[in-house]
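These notes are about the structure you will find just below.
So that the names make sense, note that chain A is the first sequence line, chain B the second, and so on, each numbered from 1. These values consider heavy atoms only, across backbone and side chains, with no hydrogens, waters or symmetry-generated copies.
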2 protein chains.
Amino acid sequence: MNIADLDTPSVVVDLDVLERNVRHMAERAGETGVRLRPHAKTHKIPEVARLQLAAGARGISLAKTGEAEVFAAAGFDDVFLAYPVVGAEKARRLLALSDRVRLAVGTDGVEGASSLGGVFHPAGRRLDVLLKVDCGYHRVGVSPESAVEVARRIADLPGISVRGVFTHAGHAYLATTREEVDAIARQEGEILAATAQVLRGAGLPVEEVSVGSTPTARGAMAVEGVTECRPGNYVYHDASQVSLGTCGIGDCAMTVLATVVSVPATDRAVLDCGSKTLSSDALRPRPSGHGWILGRKSRIDKLTEEHGVVRVEAGESFRVGEKVRILPNHACVVSNLHDRIVVARGDRVEGEWAVAARGKVR
Amino acid sequence: MNIADLDTPSVVVDLDVLERNVRHMAERAGETGVRLRPHAKTHKIPEVARLQLAAGARGISLAKTGEAEVFAAAGFDDVFLAYPVVGAEKARRLLALSDRVRLAVGTDGVEGASSLGGVFHPAGRRLDVLLKVDCGYHRVGVSPESAVEVARRIADLPGISVRGVFTHAGHAYLATTREEVDAIARQEGEILAATAQVLRGAGLPVEEVSVGSTPTARGAMAVEGVTECRPGNYVYHDASQVSLGTCGIGDCAMTVLATVVSVPATDRAVLDCGSKTLSSDALRPRPSGHGWILGRKSRIDKLTEEHGVVRVEAGESFRVGEKVRILPNHACVVSNLHDRIVVARGDRVEGEWAVAARGKVR
């Protein structure tokens with residue numbers, strides 16, 4: 001079957017591009033001697049994670065306990081939940097997971113870690129945690145200055161072992177030049193490696209020094225002392241990665257096939273893909289529409305739940321029934337909206353993959 | 001079970017509020033003699049649509065063919081797809097649906113309607129369509145001035161019958177005062193009723209004159225000549241409806257229960273609900289954060305996939321492990337992110353409902 005014959009909207013992933021992206025990131029990690037632990041939240045698909053492991057990744061990262069349950073059931077045996085998991089309900093599920101998976105979770109405070117240790121300790125078990133360090137994103141994480149004190153208190157908790165430190169330079173997604181992204185990447189690696197050294201100096205064990213995001217992976221992996229990298233988006237890339245200078249359009253594996261369902265005015269066309277297909281996530285680093293139409297200058301200007309409203313540029317036209325391909329702003333959240341994706345090579349459809357961990361937010 | 005004992009994040013719908021919202025809208029329709037055909041895209045749950053029918057609704061509205069298939073399988077027998085459905089693939093599915101459902105679909109042009117008639121006519125069948133008229137939203141729809149010409153050409157198509165006209169005043173969501181919303185509602189009804197009269201004068205059949213949105217329903221139903229109304233969001237309401245003056249916070253049936261997972265600074269707390277739980281949809285009519293925390297002044301200021309970052313107002317504090325309830329910006333897209341919702345009465349959990357038509361975007 002040809003892609004053009006698919007019903008719409010359909011999320012299509014080009015396997016040639018996907019495999020190349022997987023290989024390139026593995027090569028970059030190999031060159032620096034850093035272990036790759038890709039964040040599987042981007043795709044949520046065991047088939048994709050298997051390609052990543054086959055290319056040399058050591059394990060996978062995920063955010064939610066429910067995602068880890070899906071991947072554990074699919075046979076993955078080394079999972080890091082890069083998220084400050086909190087509470088006894090989730091601790092009980094993590095205890096069950098730790099029977100069959102080499103497991104670690106993130107933490108950035110004593111209360112959260114204690115709520116997990118309080119379940120592992122009575123069961124005669126210990127849970128590995130990595131301390132989240134804030135390298136400038138200011139979302140979660142302890143400041144580098146307070147890392148020793150917090151790490152020491154966490155290491156003293158019954159049922160908890162500190163395996164290392166981790167960080168995420170999400171602020172790179174707001175950098176407006178490639179140089180700025182690279183500077184943030186160096187800081188990310190340097191701040192975390194330096195924090196790890198301070199912790200070791202204070203007698204705390206730090207096996208893992210884990211950085212990572214798709215735009216900063218290359219720069220952060222090059223820093224001495226970094227042991228692990230957790231990029232996610234690179235398997236697919238998207239319009240935001242192109243805007244950030246991380247890749248070119250030809251490196252984007254995910255597109256959305258859509259149909260023009262209305263041309264109510266010469267300067268307006270409407271596609272059958274809205275926020276329930278593309279998400280409402282803005283283009284980064286600077287918001288500008290809701291998706292690029294491949295081969296056209298016209299962009300999706302407004303998005304409602306099932307309508308993508310295109311502002312038609314002068315000299316272009318769209319006709320009702322025509323199919324177009326959209327490069328979405330943010331591939332990770334597109335995956336999360338769809339139960340299945342179509343896989344293809346070029347124009348040839350090869351099959352479908354279930355987005356097995358879609359919607360597992362708990 | 002008490003709501004406070006649920007794992008998080010969980011989407012919770014209060015049945016007392018839901019039932020009251022369903023009853024109030026049915027009473028408003030009853031007072032004006034207008035038939036109610038609620039848009040089930042808000043909830044996508046057969047159990048909710050059954051409450052709407054039991055309160056007097058005549059049938060349901062949906063957007064996508066896949067949603068209609070789910071509701072037809074659940075026994076619903078009168079469906080209007082308020083969407084410009086286009087193409088032979090979907091026409092074949094509509095033909096199968098029309099065996100067991102009183103079906104109509106929207107159209108705003110000859111090409112789209114022709115692509116459906118081209119499947120119905122050879123099968124010896126006719127598909128009812130309603131012509132979408134643009135009452136000022138400028139998304140899809142023909143202008144009132146061109147309605148006669150387009151309706152005549154559609155009525156001449158083999159396999160197609162024109163059942164009526166419909167519109168949607170989505171621009172009401174950008175109105176900044178209740179008076180402005182009410183003026184748009186009156187225009188919505190008046191433009192559509194006048195267009196229907198012009199079509200009838202030209203010899204075209206117009207059985208249905210269908211308006212509707214939650215903020216404009218009351219005003220548009222009051223207009224002479226309107227026969228049907230299709231509000232959707234009113235079953236749940238949300239922070240945007242409160243901001244628009246459609247309802248009070250006590251009229252909102254849907255909340256999201258979340259846990260504080262990090263308090264990295266005195267002015268920042270992080271919840272375990274991000275865009276994969278709350279969606280990235282902005283508050284309307286004016287963007288302002290990503291959800292209200294019930295009982296607090298502090299708002300969710302930033303949202304990433306699994307993190308809701310709260311800017312903590314002076315005098316307030318959050319502690320790790322604490323559970324809070326969020327009033328989301330846009331209830332419809334929250335439904336679409338979750339496989340199941342929890343139903344409760346006050347603090348008492350009554351069970352769970354599957355969001356049966358979630359993700360049916362084709």
Side-chain angles (χ1 to χ4, degrees), chain A residues 5-10 41 63-64 83-87 89-90 108-112 115 132 134 138-143 170 259-265 268 270 272-277 279-282 302 304-307 309 319-321 330 332-333 336-339 358-359 361-362, chain B residues 5-10 41 63-64 83-87 89-90 108-112 115 132 134 138-143 170 259-265 268 270 272-277 279-282 302 304-307 309 319-321 330 332-333 336-339 358-359 361-362:
Chain A
D5 299 324
L6 290 168
D7 198 4
T8 66
S10 281
K41 59 121 186 179
K64 294 298 185 105
Y83 194 79
V85 184
V86 165
E89 296 105 324
K90 293 196 174 65
D108 73 346
V110 179
E111 301 88 343
S115 73
K132 179 91 172 230
D134 183 0
H138 304 325
R139 187 174 62 178
V140 300
V142 299
S143 66
T259 298
V260 178
V261 293
S262 174
V263 182
R268 182 165 21 110
V270 181
D272 63 349
C273 57
S275 68
K276 286 174 180 168
T277 295
S279 91
S280 297
D281 273 24
K302 286 185 211 160
T304 52
E305 289 168 55
E306 305 290 5
H307 302 75
V309 183
R319 94 191 136 64
V320 170
H330 188 187
C332 309
V333 290
N336 188 55
L337 288 165
H338 299 273
D339 294 321
R358 193 212 66 72
V361 290
R362 282 199 284 272
Chain B
D5 299 324
L6 290 167
D7 198 5
T8 64
S10 281
K41 60 121 186 177
K64 293 298 184 104
Y83 194 80
V85 185
V86 165
E89 297 104 323
K90 292 193 174 66
D108 72 348
V110 178
E111 301 88 343
S115 72
K132 179 89 171 229
D134 183 0
H138 306 323
R139 187 175 62 179
V140 301
V142 300
S143 66
T259 297
V260 178
V261 292
S262 175
V263 183
R268 183 164 21 108
V270 181
D272 63 350
C273 56
S275 68
K276 286 176 179 165
T277 296
S279 92
S280 296
D281 274 23
K302 289 186 209 157
T304 52
E305 289 169 57
E306 305 291 6
H307 302 75
V309 183
R319 93 192 137 65
V320 169
H330 188 186
C332 308
V333 290
N336 187 54
L337 288 164
H338 299 273
D339 294 320
R358 194 212 65 73
V361 291
R362 285 199 282 273

Side chains of [X] and [Y] only: does a donor on one sit below 3.5 Å from an acceptor on the other?
{"X": "A:T259", "Y": "A:T8", "answer": "yes"}
{"X": "B:R139", "Y": "A:T304", "answer": "yes"}
{"X": "A:S143", "Y": "A:D134", "answer": "no"}

Please list, chain by chain and in numerical order, all residues satisfying salt bridge (charged side-chain N to carboxylate O under 4.0 Å, His left out) with B:E305, sequence neighbours excluded. A:K41, B:K276
[X] versus chain B, the contacting section by heavy-atom distance below 4.5 Å:
{"X": "A:S10", "value": "both"}
{"X": "A:R268", "value": "side chain"}
{"X": "A:S115", "value": "neither"}
{"X": "A:V270", "value": "side chain"}
{"X": "A:V85", "value": "neither"}
{"X": "A:D272", "value": "both"}
{"X": "A:H138", "value": "both"}
{"X": "A:V140", "value": "both"}
{"X": "A:S275", "value": "side chain"}

Heavy-atom pair count under 4.5 Å with chain B, highest-scoring of A:P9, A:G170, A:G112, A:A63: A:P9
Among [options], residue most engaged with chain A (heavy-atom pairs, under 4.5 Å):
{"options": "B:V309, B:L337, B:V142", "value": "B:L337"}
{"options": "B:K302, B:H330, B:R319", "value": "B:H330"}
{"options": "B:V260, B:T277, B:D281", "value": "B:D281"}

What part of B:D7 is in contact with chain A, defined as an atom under 4.5 angstrom from a non-hydrogen atom: side chain, backbone, both or neither? both
Proximal component of B:V263, with respect to chain A [non-hydrogen, under 4.5 Å]: neither
Atom CZ of A:R358 and atom CG of A:N336: how far apart are they, to the nearest 0.5 Å? 5.5 Å
If you measure from OH on A:Y83 to NZ on A:K64, what distance do you get to the nearest 0.5 Å? 4.0 Å
